[in-house]
2 protein chains.
Amino acid sequence: MSPKSFLGEFEQMVLLAILQQKDRAFALEVRREIEGSADRAVSRGAFYTTLDRLEKKGFVEWEEAEADVTGRASALRRFAVTEAGLSALRESRRAFDALSRGLDGVLREEGA
Amino acid sequence: MSPKSFLGEFEQMVLLAILQQKDRAFALEVRREIEGSADRAVSRGAFYTTLDRLEKKGFVEWEEAEADVTGRASALRRFAVTEAGLSALRESRRAFDALSRGLDGVLREEGA
DNA sequence: GGTCCGTCGTCTACATTGTAGACGGATGAG
DNA sequence: CTCATCCGTCTACAATGTAGACGACGGACC
């Protein structure tokens, strides 16, 4: 009865990035957060598609913000992770932590 | 120039599970390790297919072991994570750690 | 005020990864 | 010898990851 479908790699990243931004999770910043942390480009398509699927699953939600903050209405959607999303994230985390137990040494080596 | 394709969720699990078993990473045990840690069933198909792709990418390799350990030759393939695999794993880890920075509190809450 | 430009978000299409179950070969039991 | 199992392979399909084309909006510039 455990969740059948896990969060994908990228989905998790998006969720985490939103959480990082807390209450100011605007699309642009979330995207930047991911690009910065993961050190790779994130195309708009990849980003929004994932966001869409996440919303369809009820893991994120958003609200339109006042349009006057930057004068650009379209850029002002604020995202948030739902309880369900948080829960799924924790579940994935748990599994990874369990699987990583005792491997910190191996995983931390940075090679030459 | 950073790696274009990331490790998938399940791929990472498999890699970690192999590492857990160290030098005794037989298919069966690796599979058990995952099922135990992730608390979900792992079908043979999913498992071997992933292993196959991982090998094609050069992230894991295996060797046939002597057939007399348990008397079952087919079950004696020993898997190992390659340097490239380890490297990819670390890369993914790094990204996740960065994205998770400061979120331990949120992620650790266990609800009710 | 009209035109050009850059940015945002949407959409379509396709590649990669995730997953299940059918299938065949091999082994040990009876 | 026949049966019941278990392992690993294979096929087929679902879900996730990704890029770029497209249209809309607002600002800059003339």
Side-chain angles (χ1 to χ4, degrees), chain A residues 2-15 17 25-32 34-35 38 40-60 62-79 85 88-89 92 95-96, chain B residues 2-15 17 25-32 34-35 38 40-60 62-65 67-79 85 88-89 92 95:
Chain A
S2 299
K4 291 295 182 178
S5 74
F6 267 49
L7 282 171
E9 170 86 357
F10 193 55
E11 290 179 326
Q12 287 185 52
M13 288 192 184
V14 172
L15 252 22
F26 298 110
L28 192 49
E29 311 194 16
V30 172
R31 207 142 80 79
R32 288 257 166 70
I34 298 176
E35 296 192 318
R40 62 158 170 171
V42 173
S43 73
R44 266 193 292 284
F47 180 64
Y48 286 108
T49 300
T50 298
L51 222 33
D52 240 41
R53 289 171 184 160
L54 245 18
E55 197 233 351
K56 211 168 297 176
K57 292 196 233 173
F59 290 168
V60 302
W62 59 64
E63 57 172 283
E64 306 292 340
E66 313 303 302
D68 58 295
V69 179
T70 72
R72 197 162 206 110
S74 55
L76 289 176
R77 207 155 40 161
R78 214 150 30 186
F79 298 91
L89 203 46
S92 284
F96 265 76
Chain B
S2 299
K4 292 294 182 179
S5 73
F6 267 51
L7 282 171
E9 170 88 356
F10 192 54
E11 291 180 324
Q12 287 187 51
M13 287 192 183
V14 171
L15 251 23
F26 299 109
L28 193 49
E29 310 193 17
V30 172
R31 206 141 81 80
R32 289 258 165 70
I34 298 176
E35 296 193 317
R40 62 159 169 171
V42 173
S43 74
R44 267 193 293 284
F47 180 64
Y48 285 108
T49 300
T50 297
L51 223 34
D52 240 42
R53 288 172 185 160
L54 245 18
E55 197 232 352
K56 211 168 297 175
K57 292 197 231 172
F59 290 167
V60 302
W62 59 65
E63 58 171 283
E64 305 292 341
D68 57 296
V69 179
T70 72
R72 198 161 202 108
S74 55
L76 289 177
R77 206 156 39 164
R78 215 153 25 190
F79 298 92
L89 204 46
S92 283

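This one's a predicted model, so the numbers in the text were calculated from it and none came from an experiment. Each chain gets a letter, A, B and so on, in the order the sequences are listed, and its residues count up from 1.
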To the nearest 0.5 angstrom, please state how far the [atom1] atom of [X] sits from the [atom2] atom of [Y].
X: Thr50(A); Y: Leu7(A); atom1: OG1; atom2: CG; answer: 11.0 Å
X: Ile34(A); Y: Phe10(A); atom1: CD1; atom2: CZ; answer: 4.5 Å
X: Lys56(B); Y: Arg53(B); atom1: NZ; atom2: CZ; answer: 7.5 Å
X: Phe26(A); Y: Arg78(A); atom1: CZ; atom2: CZ; answer: 5.0 Å

Between [X] ([atom1]) and [N] ([atom2]), how many Å, whole number?
X: Gln12(A); N: dA15(D); atom1: CD; atom2: P; value: 18 Å
X: Leu54(A); N: dT16(D); atom1: CG; atom2: P; value: 9 Å
X: Ile34(B); N: dG18(C); atom1: CD1; atom2: P; value: 11 Å
X: Lys56(B); N: dT17(C); atom1: NZ; atom2: C1'; value: 12 Å
X: Leu7(B); N: dT17(C); atom1: CG; atom2: P; value: 9 Å
X: Met13(A); N: dT17(C); atom1: CE; atom2: P; value: 13 Å
X: Leu28(B); N: dT27(C); atom1: CG; atom2: P; value: 17 Å
X: Glu11(A); N: dT17(C); atom1: CD; atom2: C1'; value: 12 Å

query: Who are the ring pair (Phe, Tyr, Trp, His ring centres under 6.0 Å) partners of Phe79(B), not counting sequence neighbours?
result: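 Listed in chain order: Trp62(B).
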- line: For Glu9(A) and Ser92(B) the tightest heavy-atom approach is OE2-OG, 3.8 Å
Does a side-chain N or O from [X] land closer than 4.0 Å to OP1 or OP2 of [N], or not?
X: Lys57(A); N: dA15(D); answer: no
X: Arg31(A); N: dC8(C); answer: no
X: Arg77(B); N: dT9(D); answer: yes

- request: Would you confirm whether Arg77(A), through its side chain, and Ala27(A), through its main-chain N or O, come within 3.5 Å as a donor-acceptor pair?
  value: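 Here the side-chain-to-backbone pair does not exist.
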Atom pairs, N/O to N/O, protein against nucleotides 11-14 of chain C, distance under 3.5 Å?
none

query: Nearest to the side chain of Glu9(A), which nucleotide is it out of dG17(D), dG8(D), dT18(D)?
result: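 Out of dG17(D), dG8(D), dT18(D), the nucleotide with an atom closest to Glu9(A)'s side chain is dG17(D).
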